[in-house]
Each structure stands twice: as structure tokens, then as C-alpha cells.
Amino acid sequence: MSQTTDAATPAPGASLTHRQIMTILSGLLLGMFLAALDQMIVSSAMKTIADQLHGQTLQAWATTAYLITATITTPLYGKLSDIYGRKPMYLAAITLFLAGSLLSGIATSMYELAAFRAVQGLGAGGLMSLAFAIMADIISPRERSKYSAYFMAVFGSASVLGPVIGGVFAGLDTFLGITGWRWVFLVNVPIALLALFVVARVLNIPHQRVNHRIDFGGAIALTVGLVPLLIVAEQGREWGWASATSIAMYVIGVLGLLAFVWVENRMGDEALLPIRLFRNHTFALGNTINFVLGIGMFGGMVSIPLYLQIVKGVSPTTAGLMLLPMTFGIMSATAISGKITSSTGRYKIFPIIGAGLMSIALFLFSTIGTDTPNWLTMIYMFIMGAGLGQCMQTLLLAIQNDSEPRDMGVATASATFFRQIGGTVGTAVFLSILFSTVGGKIADGIKASLQTEAFKAALGQNPEFAKMLQGGGSGIDINNTEFLKGLDPVLAKPFLDGFSSAIDLVFMTGGIVMVAAFVLVWFLREKPLSTRSGLERVADAEAIAV
């Protein structure tokens with residue numbers, strides 16, 4: 001077991017002081033901030049980037065490529081970190097993310113950008129999961145919940161700063177002689193360099209190397225299984241869910257997942273995701289809840305900005321700032337539940353309350369309309385955040401608490417992995433619901449509005465728009481809502497009402513999904529929280545063996 005003389009380095013088997021924990025945490029938070037900020041910046045600037053690279057119809061591939069590599073590498077990082085140690089794998093993740101950011105900043109086409117975003121994703125897959133695994137190494141489950149607020153603060157800061165920074169850079173022609181949108185990626189470079197320096201200096205924790213073979217077969221099978229399914233989740237709405245291409249993706253994906261299960265069963269303990277872990281009640285049920293939570297959570301997260309930007313007509317930057325109540329809800333709920341968990345050792349009640357609050361919030365969101373005041377929507381956001389803040393960290397804590405130290409990396413990564421898969425499914429399903437119903441709702445709204453004198457009068461003042469409405473509005477492309485800006489409010493009303501009604505259906509569906517999560521959480525067994533960190537538990541096991 002390696003050991004350095006750095007002041008921040010714990011002795012093997014010794015508990016860490018608060019100062020040592022905060023020193024190590026500074027490096028982890030930088031890495032997590034890097035990944036969280038990038039997602040928020042890019043999402044708010046992608047439309048502008050696609051325009052600049054003349055690839056508006058290809059922009060989904062840049063998102064899909066990142067998502068695929070980040071999802072697939074998440075369990076791989078967990079397993080490799082159990083074998084080789086957390087520090088080298090965390091440094092590798094930051095380095096890959098840095099390289100991907102640099103390359104994305106010099107992309108000359110959407111195809112290049114998609115390829116370079118895939119490189120970014122290779123690093124992003126380890127930034128989140130490894131940070132939580134390292135926390136499990138150095139902090140006992142009983143104390144760990146107290147530190148979760150720091151991580152939520154990182155997510156909160158990124159959710160506020162990301163859309164603002166992305167909007168600013170996307171709106172600049174040039175900055176320091178470089179095209180404005182390229183800084184959306186290049187801004188990661190100084191942050192990544194700082195993270196590399198800090199992590200290299202402070203992340204010095206003992207590691208006992210585990211001599212295992214690397215499960216290349218499992219990694220390949222998982223790739224074959226997930227890539228087609230992730231692609232069809234992103235592209236299925238455009239291709240058609242029952243098209244020949246989509247069906248081919250389903251078949252390949254299912255065969256790949258079946259091959260993955262077969263390979264993992266043969267590999268035993270050396271598997272990328274050991275099958276024996278699923279025999280653990282907490283691991284199996286906790287990750288099932290994570291999957292369902294991902295569906296409901298991302299369903300809400302993707303729909304709220306759409307409502308604010310399309311129905312309320314605010315800019316992406318303003319929409320990001322209006323999400324502050326949700327961020328505050330997440331941070332405050334995480335902090336309060338963490339303190340209570342640390343002092344009492346009880347935690348099951350929090351995901352129960354959290355899933356319940358998220359269900360209530362989504363059902364409340366399903367009642368909002370075109371004329372709903374923003375202050376009421378923001379109250380619903382706070383409720384959503386308060387629920388989310390009690391679910392994410394507590395479920396991870398339960399899984400880590402019931403996992404052996406040798407499996408901590410893969411167990412931690414699994415929580416992120418299943419939540420990401422759920423999020424991908426949720427986003428695909430909810431956007432499909434939205435765009436498959438919004439056309440009909442708008443058509444019904446236009447038909448009703450044509451019976452009113454005010455709409456007829458406004459239409460007479462706008463002959464070009466009247467021409468677009470001929471044939472039931474077939475001349476209007478709802479994939480681009482820019483035409484709503486500056487349009488007479490009377491003429492825009494049926495479109496805004498149609499989008500609002502379709503988004504309400506998405507929220508209602510998300511609420512039903514979260515009810516399922518609420519029911520599942522009741523079956524989670526609450527096991528006493530350990531007062532020993534991962535490093536201490538390893539030392540205890542070694543002492544017994546001797």
C-alpha cells in the first residue's frame with residue numbers, strides 16, 4: 001500500500017481530519033464542476049454552434065456522441081479504479097476531458113464536433129462517478145451525508161453560471177481574436193488544468209492494488225448493447241420508432257445486452273459489472289429506483305426550460321436564472337437531510353419524502369398554462385428541487401453503505417450509470433410525447449381561434465402568416481419556434497397554448513413515473529450506517545487476515 005508524506009495524505013487505516021477531507025474534496029469538486037458546467041454551457045449554446053457550423057440538422061449527433069461515451073465509460077472507470085486506484089483514473093478522466101474540449105474548440109464541422117465531443121465524453125464518464133467513489137474511500141457513510149451539500153453547491157453553481165456563460169459566448173462574434181462560440185469549449189481548458197494540478201497535489205490516498213484481468217469482452221458487449229439503444233433513443237423520433245432502422249437498432253442492442261449478461265456471468269468477480277452485485281437487495285433495488293428516478297428527473301428537467309423559452313418567451317440565459325429556486329431546493333434539502341442523517345443514522349425516510357415531493361411537483365407542473373404567473377412556476381421548481389435533493393445522494397449512500405470496499409468503485413459508478421440510462425430513456429420518451437401531440441393541440445387551438453373576431457382581425461393584418469396557416473398550418477415548422485417572436489399575441493396564443501398543453505402531458509407522465517419510484521422506495525431496506533470509511537474497512541479486514 002503506497003503512502004506519501006504529504007500533509008493531506010492519511011495513514012493507512014486512519015480516519016481523516018476535516019481539514020484533510022476538505023483538501024481532497026477541493027480537487028474532486030473542481031473535476032465535478034468541470035463536467036457539470038460544460039453540460040449547461042453547451043446546451044444553451046448548441047443552436048448557435050450548429051448555425052455557425054452549418055449543421056443544424058446534425059446537432060443531435062454532437063449530444064448523442066457525448067452521451068454514448070460518457071455512459072459506457074462510467075462503469076469502466078469504476079472497475080478500473082478498483083484495480084489501479086482512484087487517482088490515476090481521475091487524472092486520466094480530466095486529461096481526456098481537457099483534450100476533448102481543446103479539439104471541440106477547433107472543430108470545423110458538426111461531424112468533427114461530434115467526434116471531439118465523444119472524446120470529451122470519455123473523460124466525463126469518470127469525473128462524476130470517481131468523485132463519489134473517492135468520497136466513499138475517505139468518509140464513513142454516517143458522516144458522508146454532511147459533505148453532500150458541497151457537491152450539490154457545485155451542481156447549483158453550474159446550473160446558474162452555465163446558461164449565462166453559454167449565452168454570452170454564443171452571442172459574441174469574437175473574443176480575444178477567437179470566434180465567440182469556440183470559447184464554450186475552450187473555457188474548460190483553464191479549469192481542467194487547475195483541476196489536474198490540484199488533484200495531482202492533494203489526492204494522495206492509500207490504495208491496495210487488486211490483481212484482476214480487465215473485462216474487455218464485457219466492455220465490448222456493453223458497447224454493442226448500449227450504443228444502438230442510445231442512438232435510437234436520440235434519433236428515433238426523426239427516424240420513426242417503428243422504422244426499419246429503429247428496429248435494427250433494437251435488435252442489435254438487445255443482442256448486445258444479452259451477450260453482456262453472458263460474459264459478465266462467465267467473468268465472475270472480474271466482470272465489469274459483477275452479476276453477484278445484483279443479488280444484493282440494496283444494490284439491485286437502489287439502482288432500479290435510480291433508473292426510474294432518472295426517467296422522471298430528466299423528464300422534468302428537459303421540459304421546464306422548454307416551457308420557459310417557448311411558452312413564456314424568455315432567453316436561454318434567463319431560463320437558466322429562473323431555475324434558481326430548483327437549485328436552492330436541491331441544495332437546502334441535501335444539506336438538511338445530510339445533517340439529520342449524520343446525527344441520527346436514519347436515511348430511508350428522505351428518498352420516500354423526496355420521491356413524493358417530485359411526484360407532487362410534476363403533477364403541479366401539469367397544471368401550468370400560458371398565463372400562469374412565473375412566481376407560481378418557480379414555487380413548483382423549489383418543490384421539485386427539494387424532492388430531488390433528498391433522493392440522489394441518499395440512494396447513493398444506501399448503495400455504498402451496503403457494498404464491500406473492493407466493489408466501491410463499480411457500485412458507485414453503477415448508481416450514475418443507471419440514472420444516466422434512465423435519463424436518456426426519459427428524455428427520448430418525453431420529447432416524443434411532446435412533439436407527437438403538440439401538432440394536434442395547435443391545430444385544435446387554431447380551429448377554435450378562427451371562430452373569434454379578434455383572431456380573424458389579427459390574421460387580416462398579417463397576410464403572410466395567414467398564408468402559412470392554409471392547409472391546417474402545414475406551412476409552419478414547429479421544430480423552429482423563432483417565428484413566434486414578434487408575432488401578434490392574438491395569433492401566437494393558439495401556438496403557445498398548444499405547446500403548453502403538450503408540455504403539461506409530459507409533466508403528467510413524469511409524475512406517474514415518479515409515483516412508481518415512490519412505491520419502490522418503500523421496499524428499500526434501511527441498514528445501519530457504518531462509522532468506518534472505505535480505507536478504514538480495508539485496514540480492518542487486513543488486520544483480521546493477519
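One-based numbering along the sequence shown.
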* Atom pair OG1/CG of Thr282 and Leu397 - distance to nearest 0.5 Å -> 11.0 Å
* Structure fact -> Closest non-hydrogen atoms of Gly296 and Met514, given as atom of the first, atom of the second and distance, are CA-SD, 4.0 Å
* Nearest 0.5 Å, what's the CG-CD distance between Leu388 and Gln393? -> 9.5 Å
* Looking only at heavy atoms, what is the nearest atom pair of Leu122 and Thr69, with distance? -> N-OG1, 3.5 Å
* Compare all side-chain heavy atoms of Tyr90 with those of Leu28 and state whether any distance is below 4.5 angstrom. => yes
* Contact check, side chains of Val227 and Ile72, non-hydrogen atoms, under 4.5 Å -> yes
* Structure fact -> Interatomic distance, CE@Met381 vs CG@Leu376, rounded to 0.5 Å, equals 10.5 Å
* Side chains of Leu308 and Ile304: closer than 4.5 Å at any heavy-atom pair? -> yes
* Roughly how far apart are Ile330 CD1 and Phe382 CZ, rounded to 0.5 Å? -> 10.5 Å
* Asked: Where is the tightest heavy-atom contact between Pro351 and Cys391, given as atom of each residue plus distance?
  -> O-SG, 3.7 Å
* Would you mind reporting whether Met326 and Ile383 have side-chain heavy atoms less than 4.5 Å apart? => no
* For the side chain of Gln420 and the backbone of Thr71, is there at least one donor-acceptor N/O pair under 3.5 Å apart? -> no
* Asked: What are the two closest non-hydrogen atoms of Leu226 and Ile421, and how far apart are they?
  -> CD2-CD1, 3.9 Å
* To do: Could you check Arg525, His281, Lys527 and say which one makes a side-chain contact (heavy atoms from CB on, under 4.5 Å) with Asp402?
  => Lys527
* Asked: Is a side-chain N or O of Gln120 found less than 3.5 angstrom from the main chain of Phe116, in a donor-acceptor match?
  -> no
* Take Leu127 and Met32, measure what side-chain contact (heavy atoms from CB on, under 4.5 Å) needs, and give me the verdict at the end. => CA-CA 6 Å; Leu127 292 178; Met32 292 189 69; 5.8 Å; no
* **Under 3.5 Å: donor-acceptor pair, side chain of Ser101, backbone of Val189** => no
* Asked: Can any side-chain N or O of Arg182 pair as donor or acceptor with the backbone N or O of Ala107 at less than 3.5 Å?
  -> yes
* Side-chain donor/acceptor of Arg419 to backbone N/O of Gly294, under 3.5 Å -> no
* Asked: So, the side chain of Asn290 versus the backbone of Thr416: is there a donor-acceptor pair under 3.5 Å, distance only?
  -> no
* Does any N or O in the side chain of Tyr77 come within less than 3.5 Å of the main-chain N or O of Met128, such that one atom is a donor and the other an acceptor? -> no
* Asked: Judged by atom type as modelled, is there a donor-acceptor pair below 3.5 Å linking the side chain of Asp82 to the main-chain atoms of Val410?
  -> yes
* Taking all non-hydrogen atoms of both residues, which atom of Ala411 and which atom of Ser403 are closest, and how far apart? -> CB-OG, 3.4 Å
* Side chain proximity check, Pro75 to Leu222, heavy atoms < 4.5 angstrom -> yes
* Using the side-chain contact (heavy atoms from CB on, under 4.5 Å) rule, take Met392 and Met297 through it: C-alpha gap first, then chi angles, then the decisive distance, then the call. => CA-CA 10 Å; Met392 285 179 61; Met297 178 178 73; 4.0 Å; yes
* Is there a side-chain contact between Phe523 and Thr288 (heavy atoms, below 4.5 Å)? -> no
* When you look at Ile349 and Glu526, which way does the side-chain contact (heavy atoms from CB on, under 4.5 Å) test go after all the steps? -> CA-CA 9 Å; Ile349 187 63; Glu526 184 176 50; over 6 Å; no
* Asked: Distance-only, no hydrogens or angles: does the Thr223 side chain make a donor-acceptor pair with backbone N or O of Ala219 under 3.5 Å?
  -> yes
* Is Thr74 reaching over with its side chain to a backbone N or O of Ala413, donor-acceptor style, under 3.5 angstrom? -> no
* Structure fact -> Exactly one candidate in Tyr380, Phe365, Phe363 meets side-chain contact (heavy atoms from CB on, under 4.5 Å) with Phe507; the answer is Phe365
* Measure the NZ-CG distance between Lys87 and Asp137 for me, rounded to the nearest 0.5 Å. => 14.0 Å
* **Euclidean distance, Phe417 CZ relative to Leu273 CG, rounded to 0.5 Å** => 7.0 Å
* Close side-chain approach of Leu364 and Ile379, heavy atoms under 4.5 Å -> no
* **Pairwise side-chain contact, Arg117 with Phe185, heavy-atom cut-off 4.5 Å (strictly under)** => yes
* To do: Go through the steps to decide whether Val199 and Leu30 satisfy the test side-chain contact (heavy atoms from CB on, under 4.5 Å), and finish with yes or no.
  => CA-CA 9 Å; Val199 170; Leu30 273 172; over 6 Å; no
* Asked: Can you name the nearest heavy-atom pair linking Ala35 to Phe97, along with the distance?
  -> CA-CZ, 4.3 Å
